[in-house]
Amino acid sequence: MGFNFKELQEVDPAIYEVLKNELNRQRNVIELIASENIVSPAVLQAMGSWLTNKYSEGYPNKRYYGGNEHVDVSEQLAIDRAKQLFNAEHANVQAHAGSQANLAAYMSVMKPGDTILGMSLPHGGHLTHGHPVNFSGRLFNFVHYGVDKENEVIDIEEVRKLALEHKPKVILAGASAYPRKIDFEAFRQIADEVNAYLMVDMAHIAGLIAAKLHPDPTPVSDVITTTTHKTLRGPRGALILSKQEDRFDKDGKKNLAQKVDFNVFPGMQGGPLEHVIAAKAVAFKEAMQPEFVKYQEQVIKNAKVLCDSLKDYGFRIISGGTDNHLILIDITSKGLTGKDAETALDNAMICTNKNMIPFDQRSPFNPSGIRLGTPAVTSRGMKESEMKQIAEWINKIIADVKNTELQQKIKQEVEELCKGFPVYKGVELE
Ligand code: DSN
């Protein structure tokens, strides 16, 4: 892999040191954070390029600055590939991150103060799905649905009941800690019953959807947001897809696609990150290859094996299993809190994150759960046998959580395993 950091080493040894240390960390860690992944060298090269020098406010062929003839090509490729990958009518590739994508999408289908029905954060939703501390909860009137207390799966009857009661302008489907398939068609039916837009935030599962391994939100949604760096395995950033037509404003000055573009720029953002947009184009191309489908199949297989092995060790799994890339564990079933478990696993270089679980009695700073995911370990080439090994390590650490000697011993075993699955082979930082 062709990367040379000589100039950086000379100009800024402190930052060079951070890059070196972080590469070593990524090489020696079992990365189970469900929202992380490892991008390809091609994505890294596009992102770490001189395209960052260009100002290109506006859209391809309609810019406020000169000299955009080349970034017009990369941005148009990103748009066309995103549309092709998800079979969407319109794509905006400029959103800097998932939060910005969600704000632009909200502003395209609502006005501040309007009512929107989304999934609550402790039940698997996201901060930008109406949490009171976030812009979303401050600007819009969010009503929240959750999962059923018994089976911990989205309670679609509750969604219908709340929709009929509150008559939201928008219904939002999508989650950041939900291990089951989402039935977008059922959400569409409810949206139709109450004359609402359907918005989907598919950030976690975009890669699975691109590989056709999860129900597809595109035919039934008005607007879809996603980050590009999770299962989709692109650069850190976001994407908005939409229908051309606005179903409730057919004769308006702008159609829905135009509203989305307007709300990203000039509505919310300034200059687009053209180096990141070029890297998104590369990632979308990679996601169209047959190997990408095989990768996503393995992500799901790995999650199932990891989940089943943990279940066999007596862990309580939220909803009893997983259909996607992530597993949510009620770690109080082992007499621990999410924070204790995260710290102990971290000590052995097994990286997870503490997470709220549905109906959590604890606080977000020390919740009852941990969330695990398989996108990053699968990108390294790990398969079912490694998942069984990881589950065994997790079980040993959690069973004897204060045993720092054991954590150090497992850390060495983790390092040994990681050597067989190199990250950015050939990049050597002294
Ligand atoms: N922070 C992301 C996650 O971990 O799911 C969501 O934004």
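Numbering of ligands and ligand atoms starts at 1, following listing order.
At the shortest separation from atom 5 (O) of ligand 1 among protein heavy atoms lies His204 NE2, 2.7 Å. For atom 2 (C) of ligand 1, the closest non-hydrogen atom of the protein is Lys230 CE, 3.9 Å. The protein non-hydrogen atom at the shortest distance from atom 7 (O) of ligand 1 is His126 NE2, 2.7 Å.
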For residues 130-137, which side-chain N or O atoms pair as donor and acceptor with protein atoms under 3.5 Å away, sequence neighbours left out?
unit_1, atom_1, unit_2, atom_2, d
His131, ND1, Val133, N, 3.2
Asn134, OD1, Ser136, N, 3.0
Asn134, OD1, Ser136, OG, 2.6
Ser136, OG, Leu127, O, 3.4
Ser136, OG, Thr128, O, 3.2
Ser136, OG, Gly130, N, 3.0

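Here the two rings, on Tyr424 and Phe3, have centers that are 6.0 Å apart or farther.
Applying the side chain to side chain donor-acceptor pair (under 3.5 Å) test to every pair with at least one member in residues 174-185, sequence neighbours left out, gives these pairs: Arg180-Ser319, Arg180-Asp323.
Only the side chain of Arg371 comes within contact range of ligand 1, with a heavy atom under 4.0 Å; no backbone atom does.
Every atom of ligand 1 with a heavy atom of Ser35 under 4.0 Å away is listed here by number and element: 3 (C), 4 (O), 5 (O). Each of the atoms 5 (O) of ligand 1 lies under 4.0 Å from some heavy atom of Ser176.
Taking a cutoff of 4.0 Å between a charged side-chain nitrogen and a carboxylate oxygen, Arg316 and Glu152 qualify as a salt bridge.
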- Might you work through the salt bridge (Lys or Arg N to Asp or Glu O under 4.0 Å) test for Lys169 and Asp114, ending with a clear yes or no? CA-CA 7 Å; Lys169 193 145 184 222; Asp114 280 345; 3.4 Å; yes
